[in-house]
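Reviewing the structure listed below.
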Amino acid sequence: MSSRLSVLLAAGSGRRMGFVKQFQKLGNRPVWKWSLETLFAAGVSRVAFIVPEDDVPLMEEALRDDPNSERVLVAAGGNTRGQSSQRGILRLLADIAIENWQSTYICVHDAARPFLTVHDTVRVFERAEVTGAAILAQRCKDTVKEEQNGVIVRTLPREALWLAQTPQCARADWFVDAYKKCDVDCVTDEAMLLEACGRKVELVEVQSFNGKLTVPEDWKYAEWLVMEKGQSE
Ligand SMILES: C[C@](O)(CO)[C@H](O)COP(=O)(O)O
């Protein structure tokens, strides 16, 4: 019987957004709460919630009255995404016997993707539980250009291109093995780390909108979407 755990990343500085979006209220709850509820509804038993070091006490306080508070570990992020993700995974595994790591699946999710659905989360876990690792991703719809000094040097074949999203899920022992062999500071997602160690990571095509709130336009779109969904105040 396998178990499902998750790392929820919320340690970013919000430089491109202009504010720390993951703690802002979106509709009737803070951005981070949207994904936290989804992860638990998808069968995750424990979440390592990774926030900036200075915000750890604040977030512990914010979680105090949450029905899931006992199942959330708040911890400080590192200097890079890779370090934050690694800290979360190792923190979760500290409470689990090594012989159970093979049957433990951990997904890493960006708190900045609040619209993730339970259905898509379960699909990623189910594929990872079969293949060892899987991530949610979107097929590339646009024509993609490679540039040098503002000029196109190549058009890439979009049939083979996907846009990586989160959750990104793998067997716990695969992550631990990757940490021994590869540098977490050289990757921009967990799949890239696993790929660097020769692991095969399956792509699961996203079925509902799961955009990342990165720039102010994304925030405006998110507010509009929440209004449409009837989940504003
Ligand atoms: C993991 C990711 O969401 C895949 O698209 C993305 O790389 C995260 O980027 P960020 O700069 O750490 O938000």
Side-chain angles (χ1 to χ4, degrees), residues 5-24 26 30-32 34-36 38-39 42 44 47-53 55 75-89 105-117 120-121 123-125 127-128 133-142 144 156 158 160-170 174-175 178-179 182-197 199 201-219 221-222:
L5 306 175
S6 180
V7 174
L8 182 61
L9 293 178
S13 64
R15 190 179 39 81
R16 290 169 288 181
M17 182 66 85
F19 57 90
V20 185
K21 72 250 173 174
Q22 55 272 33
F23 303 131
Q24 288 284 318
L26 179 66
V31 168
W32 56 268
W34 286 69
S35 315
L36 194 68
T38 303
L39 292 167
V44 165
V47 172
F49 184 30
I50 307 299
V51 302
E53 191 161 16
D55 292 320
N79 295 329
T80 61
R81 179 203 170 82
Q83 287 178 21
S84 294
S85 164
Q86 180 181 25
R87 282 186 187 192
I89 289 174
Y105 289 80
I106 305 183
C107 85
V108 177
H109 182 60
D110 300 328
R113 294 184 187 272
F115 298 112
L116 174 69
T117 62
D120 277 335
T121 310
R123 290 173 61 236
V124 174
F125 268 112
R127 285 315 301 164
I135 70 164
L136 203 59
Q138 185 181 22
R139 278 182 194 280
C140 190
K141 293 178 285 190
D142 299 325
V144 183
L156 301 170
R158 72 177 172 190
L161 296 177
W162 289 69
L163 304 176
Q165 298 189 350
T166 64
Q168 303 204 351
C169 185
W174 284 20
F175 280 122
Y179 296 142
C182 301
D183 181 359
V184 292
D185 291 335
C186 297
V187 302
T188 53
D189 70 358
E190 289 61 49
M192 195 171 165
L193 181 77
L194 296 165
E195 291 158 47
C197 302
R199 298 291 187 189
V201 181
E202 190 169 294
L203 292 162
V204 175
E205 188 167 8
V206 66
Q207 292 184 344
S208 302
F209 176 72
N210 181 36
K212 184 153 71 76
L213 309 182
T214 306
V215 294
E217 289 71 34
D218 300 330
W219 186 264
Y221 180 63

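Remember, it's 1-based here, ligands and their atoms both numbered in the order they're listed.
Between R199 and E190, none of the side-chain N atoms (NZ, or NE/NH1/NH2) sits under 4.0 Å from a carboxylate O, so this pair counts as no salt bridge. For the pair D110 and R81, the salt-bridge criterion is met [side-chain N within less than 4.0 Å of a carboxylate O].
Proximity of R113 to ligand 1 is established by a heavy-atom distance of less than 4.0 Å. At a 4.0 Å cut-off, not a single heavy atom of M192 sits close enough to ligand 1 to count as contact.
Ligand 1 places these atoms under 4.0 Å from at least one heavy atom of A164: 4 (C), 5 (O). Residue-ligand proximity, T188 to ligand 1, at heavy-atom distances under 4.0 Å covers atoms 1 (C), 7 (O). Listed by number with element, the atoms of ligand 1 under 4.0 angstrom from any heavy atom of D189 are 1 (C).
Annotation: side chain of R127 is not in contact with side chain of R123 (no heavy-atom distance under 4.5 Å).
When hydrogens are left out, the protein atom nearest atom 3 (O) of ligand 1 is D110 OD2, 2.6 Å; that is the closest non-hydrogen contact. In this structure, atom 10 (P) of ligand 1 lies nearest to the protein heavy atom K212 NZ, 3.8 Å.
When the shell of 6.0 Å around CD of E205 is examined, it contains more than 12 heavy atoms from other residues, nucleotides or ligands.
Between Y221 and F209, the distance separating the two ring centers is shorter than 6.0 angstrom.
The backbone N or O of T166 sits less than 3.5 Å from a side-chain atom of N210, completing a donor-acceptor pair.
Counting only non-hydrogen atoms, the option in R15, R16, R81 that gets closest to atom 11 (O) of ligand 1 is R16.
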